[in-house]
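Structure first, then comments.
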Amino acid sequence: MSIRAAELLDWYDREHRDLPWRHPEAGAWKILVSEYMLQQTPVARVLPIWLEWVARWPTPSATAAASAADVLRAWGKLGYPRRAKRLHECARVIADDYGDVVPDDVEALLTLPGVGSYTARAIACFAYQQSVPVVDTNVRRVVARAVDGLADAGPPSTTRDLAAVAVLLPDDSTAPRFSAALMELGAIVCAARSPKCGLCPLSHCAWRAAGYPPATTPPKRGQAYAGTDRQVRGRLLDVLRGSQKPVTRAQLDIVWLTDTAQRDRALDSLLVDGLVEQTADGRFALAGEGDG
DNA sequence: GATACGTGGGA
DNA sequence: TTCCCAAGTAT
């Protein structure tokens with residue numbers, strides 16, 4: 001079963017959320033910033049950070065001129081702070097190598113730090129109106145249901161997923177809106193947890209036609225967060241974000257008392273990732289503190 | 001292909 | 001309260 005573009009586009013025009021990075025005046029850089037922030041992070045949490053961010057650093061060169069520490073602080077508790085570091089590095093590359101203009105071709109975009117298959121195509125599509133497939137988790141789920149009649153998407157495969165969406169893409173200038181609509185439908189109607197099929201505009205959904213069969217593969221258990229290195233890293237970084245001055249080892253140690261080996265490992269990984277630096281006197285600070 | 005990588009809100 | 005999961009990327 002396929003997806004009728006007209007149904008999807010009409011629904012999108014009626015029901016889509018008014019998100020600022022979708023406004024025509026946003027421009028490629030601010031769209032790029034939104035894409036980094038939206039990687040694995042809900043719109044509601046991104047919105048306030050994005051608004052402050054693009055007002056403060058409206059261009060790649062403005063972003064590149066900021067210190068890494070300021071960038072990490074502005075990122076706040078959005079999560080996965082390596083994204084902030086990569087965004088900062090990306091800004092420098094675009095400022096230095098691309099004349100402060102976000103490149104418009106997928107191949108060049110893919111060379112930027114933090115830009116993978118999804119983000120490269122999202123920028124080409126939404127910032128430059130190119131008819132390239134854009135595949136995120138929402139799109140994969142909508143296609144799995146509406147086209148394949150399955151409750152959930154199978155394991156991701158970039159090659160396979162791109163090909164599946166490519167055949168659905170309208171062969172005209174509506175392609176970018178079609179991709180945005182696919183993502184929007186997955187986000188607010190064809191949701192993972194409780195799909196609102198009563199509100200779905202698609203009159204030909206294979207999953208519905210099959211009587212909404214449940215997933216056949218057992219749900220994969222995501223790893224617990226409590227007690228992981230990720231949680232320890234988060235705690236350590238939170239201390240560093242909150243201090244304008246370098247902190248002592250003891251100030252970091254108190255955030256994780258239960259497993260000192262794990263705490264040491266977490267701190268070391270932050271140093272390796274370049275998110276944290278050690279000062280000459282042995283204290284610790286956010287990377288690039290004092291730069292810019 | 002599997003795994004590491006933050007955080008917080010809703011069911 | 002616990003569990004799920006949210007516009008992925010890099011290794």
Side-chain angles (χ1 to χ4, degrees), chain A residues 16-17 19-22 26 30-50 72 75-87 89-90 109-127 133-142 151-162 165 176 179-188 190-196 215 218-241 255 262 265-266 268-270 272-275:
Chain A
H16 73 82
R17 294 165 295 179
L19 301 173
W21 46 83
R22 286 179 176 157
K30 294 177 184 180
I31 291 172
L32 180 152
V33 171
S34 79
E35 295 299 346
Y36 275 69
M37 292 182 174
L38 287 162
Q39 290 168 3
Q40 297 285 284
T41 306
V43 166
R45 289 179 51 206
V46 165
L47 201 42
I49 305 287
W50 183 87
L72 287 168
W75 193 263
K77 305 196 78 167
L78 220 39
Y80 292 143
R82 293 195 291 199
R83 292 182 294 164
K85 181 171 168 50
R86 289 175 185 145
L87 177 55
E89 292 163 356
C90 172
L109 287 161
L110 282 171
T111 68
L112 299 172
V115 173
S117 174
Y118 162 75
T119 302
R121 291 176 174 78
I123 294 167
C125 177
F126 303 135
V134 180
V135 182
D136 74 336
T137 186
N138 290 307
V139 172
R140 282 168 30 74
R141 185 175 54 253
V142 171
D152 294 304
S157 157
T158 302
T159 307
R160 207 165 355 111
D161 297 339
L162 284 173
V165 173
S179 282
L182 229 34
M183 291 172 60
E184 190 75 345
L185 190 70
I188 67 183
C190 196
R193 200 77 71 90
S194 31
K196 300 171 172 61
K220 44 187 171 292
R221 311 204 57 72
Q223 69 174 62
Y225 176 60
T228 61
D229 287 11
R230 272 152 69 193
Q231 184 183 27
V232 184
R233 285 166 56 105
R235 293 260 190 98
L236 294 171
L237 224 38
D238 202 36
V239 171
L240 269 4
R241 275 194 304 262
V255 306
Q262 183 181 35
R265 184 169 67 242
D268 187 59
S269 74
L270 289 171
V272 169
D273 285 351
L275 295 170

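Just the heavy atoms: all of them, side chains too, but no hydrogens, waters or symmetry mates, feed the values below. Treat the numbers as computed from the prediction; the structure is a model and nothing was measured. Naming: A, B, ... by sequence-line order, numbering from 1 per chain.
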Practice task
Enumerate the residues from residues 115-123 of chain A whose closest heavy atom to DNA chain B is under 4.0 Å, giving them by residue number; use none for an empty result.
Solution key: none
Practice task
Specify the separation, in whole Å, of atom CG of D161(A) and atom P of dA7(C).
Solution key: 15 Å
Problem - Separation of atom CG in L270(A) from atom C1' in dG6(B), rounded to whole Å - result: 11 Å
Exercise for the section: Run the salt-bridge test on R265(A) and D229(A) with the 4.0 Å N-O cut-off and return the result as yes or no. Expected result: yes
Practice task
Give a yes or no on whether the backbone of Y80(A) and the side-chain of R230(A) come within a donor-acceptor separation of less than 3.5 Å.
Solution key: no
Exercise for the section: May I ask you to say what L19(A) touches in the nucleic acid, namely base, sugar-phosphate or nothing, with a heavy-atom cut-off under 4.0 Å? Expected result: base
Handout entry: side chain to side chain contact (heavy atoms under 4.5 Å, CB included) involving T41(A) - partner list, sequence neighbours excluded
Key = R45(A), V46(A), L78(A), R83(A)
Exercise for the section: Quick one: label A44(A) by what it contacts on the DNA or RNA (base, sugar-phosphate, nothing), any heavy atom closer than 4.0 Å. Expected result: nothing
Practice task
Mind checking D229(A) for me? I need base, sugar-phosphate or nothing, with any heavy atom below 4.0 Å counting as a touch.
Solution key: sugar-phosphate
Dump the pairs, protein N or O against N or O of nucleotides 7-9 of chain B, anything under 3.5 Å, distances to one decimal.
residue, atom, partner, partner atom, Å
dT7(B), OP1, R241(A), NH2, 3.4
dT7(B), OP2, Y225(A), OH, 3.3
dT7(B), O2, R45(A), NH1, 2.5

Practice task
May I ask you to say what W75(A) touches in the nucleic acid, namely base, sugar-phosphate or nothing, with a heavy-atom cut-off under 4.0 Å?
Solution key: nothing
Practice task
Identify whether any heavy atom of R140(A) sits under 4.0 Å from a base atom; if not, whether one sits that close to sugar-phosphate; answer base, sugar-phosphate or nothing.
Solution key: nothing
Handout entry: R160(A): partners by side chain to side chain contact (heavy atoms under 4.5 Å, CB included), with sequence neighbours left out
Key = S157(A)
Completion exercise
For A215(A), the side chain to side chain contact (heavy atoms under 4.5 Å, CB included) test, sequence neighbours excluded, returns A151(A), D152(A)
Exercise for the section: Using the test side chain to side chain contact (heavy atoms under 4.5 Å, CB included), find all partners of P133(A) that sit at least two apart in sequence or belong to another chain. Expected result: L162(A), V165(A), A166(A), L169(A)
Completion exercise
Testing dA7(C), dG6(B), dA10(C) for proximity to the side chain of R86(A), the answer is dA10(C)
